[in-house]
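Each chain gets a letter, A, B and so on, in the order its sequence line appears, and its residues count up from 1.
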Amino acid sequence: MRTDSKRWGDPVLVATVAPLGIVMLLFFIIPLVMTVVLSFQTTQFYRLSWTWDLKIWTEVFSKPHYWTIMARTVAMALVCVVVCVLIAFPAAYALATRLRAYNAQIQILIIFAFLTDAVLKTFGWILVLDKSGVANWLLAHLGLGPEALNLLFTPTGTIIGMVYGLVVYPMFTIYLSLARIDRDLVLAAYDSGASRLRAFFEVTLPLARPGLYCGAVLVFVLSLGAFLEPKVLGGGTAPLASELIRQSFETRVNWPLGAALTLVLIVIGALSLALAAAVLMRGNRGRAVQ
Amino acid sequence: MIPERLKDRFVDVFLVGTVALLILFFYVPILTLVVFSFTSSRVLTFPIEGFSLEWYGELFRKPDFLPAVTNSAIVAVISTVFATVLGSAGAVAWIRYRFRFQNIFRAISFLPLLFPQLLLGVVMLLWFSVLGNWLGFSTGLATVIIGHIVYITPFALVIVAVQVHGFDETLEDAARDAGASGWEVFREITFPLLWPGILSAATFAFLLSWGNFYVSYSLAGTARTLPIFVYSGIAVGSSPIYPALATLNFIPALVLVFLADFLRRRALKRQKLATA
């Protein structure tokens with residue numbers, strides 16, 4: 001790929017970069033800064049007052065209740081990551097190695113499912129997981145007894161919903177890294193006497209690592225904000241951070257608190273992204289040294 | 001000792017089976033909704049009691065259904081146009097150009113993709129509320145559209161960037177050597193070559209906006225889009241009108257996804273013939 005060096009005086013560069021840059025600056029970067037600013041204000045009689053103090057942050061750090069919910073959110077996100085990766089890896093591997101002929105069709109099926117309305121799909125899961133729903137009917141007819149499953153309004157229900165919404169991301173990133181692997185490297189491993197299993201663990205898996213890490217961290221970060229699934233499928237019994245944030249806006253009309261809690265989640269997400277980047281970077285350097 | 005051939009066979013079955021199960025997993029709630037939309041009972045238990053189309057009629061008799069559809073359509077069309085244009089231009093700058101502050105540009109145009117939608121919505125809500133206080137406006141469809149553009153443009157950008165990455169720039173050189181002006185090169189070569197990617201990006205953008213809940217929910221104020229209509233409905237209690245709505249919703253999405261793929265492939269085939 002050839003690239004053109006451009007100066008900022010070039011109208012073509014300004015035309016391609018400026019509109020998007022300005023939109024993101026005005027409606028993404030400035031809002032982020034504003035969130036930080038707001039977290040140092042307070043409310044009086046449900047109205048924002050510009051006081052500049054640490055009252056909200058002291059409240060956030062002194063209430064164990066908030067941190068229980070944050071810990072639960074992180075725990076749920078981690079479970080979600082593990083389940084997503086365990087499903088996504090073999091599926092992506094199959095798509096990259098065994099199902100090449102049907103890739104286009106399978107991709108379309110997955111994209112369509114991914115792109116349809118999340119609220120409707122979540123409602124669909126209610127109908128599946130409900131006591132008198134599809135899953136229990138199926139289990140009863142397979143001879144596993146009535147009400148073998150009682151997943152609706154439990155954390156497992158939430159996890160099913162979250163995995164359903166997010167598994168596409170690691171599948172995509174892992175597929176991309178697997179598809180880029182030079183087939184000759186694997187064949188070379190076979191030639192030098194490696195078994196299929198050994199070739200997989202020593203050649204394929206390390207080369208797929210970037211996609212694996214990117215997918216995992218993407219699932220983790222995105223699941224921090226899950227709101228529909230814990231509410232609709234989890235029944236609100238074990239609220240996650242999203243619910244806490246929503247309440248601070250809607251029920252308590254406390255914007256500074258909502259802003260501070262949002263920032264806590266953003267920081268958790270940013271730290272995990274930085275960690276993943278650092279691990280990947282170290283992996284790359286290690287390979288370069290060898 | 002298990003023979004090697006049998007073991008390979010087992011691995012094949014396992015891998016292909018995972019994909020089959022995954023697709024089944026994706027379609028379980030979708031197919032369930034389609035089945036339930038034809039029930040004749042008000043209670044949503046499986047198996048459904050009888051076949052009827054009455055819930056489709058019931059849906060259209062809901063007074064706030066059609067306004068929600070109109071709102072969703074307005075939001076989706078405008079966001080798609082902006083997200084596709086901004087994303088396509090951004091993708092060219094991402095991949096083909098080198099310029100000062102490029103890394104900053106890359107970061108701010110990609111970062112929304114790494115944000116949970118709810119947080120993106122909340123952060124923008126705070127900003128629009130403060131801004132609204134100063135300038136005297138309240139959140140509504142306009143702020144939803146802006147929110148969708150911020151959320152969706154990075155998706156469009158990534159999709160077009162893949163197309164830009166595989167771009168054969170010698171074709172542009174050839175056109176320029178043959179005396180074409182900058183604008184002619186863009187119109188006759190660059191744009192047609194990028195078109196399949198732009199088309200996929202637009203389809204993605206439209207459907208992401210049409211089905212978006214989180215960003216709309218934060219920024220809509222009192223306005224209602226289709227996902228908000230469904231959410232506030234199922235929060236009160238389930239009714240067979242939502243499966244009916246889901247089924248109606250799937251059909252245009254399915255047509256759009258297949259049409260976009262068909263057009264994309266036709267364009268790719270033409271390109272191959274043209275370059276061969």
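Highest contact tally toward chain B, considering only A/T35, A/V168, A/V134, A/I106, is held by A/V134 [criterion: heavy-atom pairs under 4.5 Å]. Ranking A/T116, A/D10, A/V119 against chain B, the residue ahead of the rest is A/V119, based on heavy-atom pairs under 4.5 Å. Annotation: maximal heavy-atom pairing with chain B below 4.5 Å, among A/L26, A/I29, A/T262, A/V17, occurs at A/V17.
Note on ring orientation: taking the six-membered ring where Trp is involved, the planes of A/F114 and B/F204 are tilted (angle from 30° to 60°). Taking the six-membered ring where tryptophan is involved, the planes of B/F101 and A/W8 are tilted, since the angle between them lies from 30° to 60°.
B/F250 touches chain A through backbone and side chain together, each having a heavy atom under 4.5 Å away. Only the side chain of A/L218 comes within contact range of chain B, with heavy atoms under 4.5 Å apart. Interface residue A/L109: backbone and side-chain heavy atoms are both found under 4.5 Å from chain B. At a 4.5 Å heavy-atom cutoff, the contact between B/Y214 and chain A is made by side-chain atoms alone. Using a 4.5 Å cut-off between heavy atoms, A/R7 does not touch chain B at all. Neither the backbone nor the side chain of A/V33 comes within contact range of chain B; no heavy atoms are under 4.5 Å apart. Of the two parts of B/L114, the backbone and the side chain both hold a non-hydrogen atom closer than 4.5 Å to a non-hydrogen atom of chain A. Proximity to chain B is limited to the side chain of A/L273, based on heavy atoms less than 4.5 angstrom apart. Of the atoms belonging to B/F229, not a single heavy atom falls under 4.5 Å from chain A. Residue contact with chain B, scored on non-hydrogen atoms closer than 4.5 Å, involves the side chain of A/E250 exclusively. Only the side chain of B/F128 has a heavy atom closer than 4.5 Å to any heavy atom of chain A. Contacts of B/L157 with chain A are made by side-chain atoms alone, with heavy-atom separations under 4.5 Å and no backbone atom involved. Only the side chain of B/L22 comes within contact range of chain A, with at least one heavy atom under 4.5 Å from a heavy atom of that chain. Contact of B/S109 with chain A is made through backbone and side chain together, with heavy-atom distances under 4.5 Å. For a residue to count as touching a neighbouring chain, one of its non-hydrogen atoms must lie under 4.5 Å from one of that chain's; by this rule A/L115 touches chain B with backbone and side chain alike. Heavy atoms of B/Y97 lying under 4.5 Å from chain A belong to its backbone as well as its side chain. Of the atoms belonging to B/N249, it is side-chain heavy atoms, and not backbone ones, that fall under 4.5 Å from chain A. Both the backbone and the side chain of B/I108 have a heavy atom closer than 4.5 Å to some heavy atom of chain A. For A/W125, the parts lying under 4.5 angstrom from a heavy atom of chain B are both the backbone and the side chain. Interface remark: B/Y242 contributes backbone and side-chain atoms alike to the contact with chain A (heavy atom separation under 4.5 Å). B/L111 touches chain A through backbone and side chain together, each having a heavy atom under 4.5 Å away. Heavy-atom distances place the side chain of A/I111, and not its backbone, under 4.5 Å from chain B.
The only option from A/L265, A/V221, A/L32, A/L224 that meets the side chain to side chain contact (heavy atoms under 4.5 Å, CB included) definition with B/F115 turns out to be A/L32.
No donor-acceptor distance shorter than 3.5 angstrom exists from the side chain of B/W127 to the backbone of A/I30, with no hydrogens or angles considered. The backbone N or O of B/F26 sits less than 3.5 Å from a side-chain atom of A/Y164, completing a donor-acceptor pair. Of the possible donor and acceptor atoms, none in the side chain of B/Y231 sits under 3.5 Å from a partner among the backbone N and O of A/L228.
Nearest approach of A/A94 to B/V19, heavy atoms of both residues: CB-CG2, 3.6 Å. Between B/Y27 and A/A113, the shortest heavy-atom distance links the atoms OH-N, 3.8 Å. Contact between A/P90 and B/L15 at its shortest, heavy atoms only, is O-CD2, 3.5 Å.
Within the model, atoms NZ of B/K7 and CG of A/L197 stand 7.0 Å from one another, a figure rounded to the nearest 0.5 Å. Residue A/F112 holds its CZ atom at 13.5 Å from CG of B/D261, rounded to the nearest 0.5 Å. Here the straight-line distance linking atom CG of B/L21 with atom CD1 of A/I87 works out to 9.5 Å at 0.5 Å rounding. Atom CG of B/L118 and atom CG of A/L222 lie 12.0 Å apart (nearest 0.5 Å). One distance of note links CD of A/Q105 with CD1 of B/I23; it measures 10.5 Å at 0.5 Å rounding. Interatomic distance, B/N133 CG to A/L48 CG, rounded to the nearest 0.5 Å: 8.0 Å.
Contact check for A/M24 versus B/T153: side-chain heavy atoms found under the 4.5 Å cut-off. Contact annotation: the side chain of B/S129 never approaches that of A/M34 to less than 4.5 Å [non-hydrogen atoms, C-beta and beyond].
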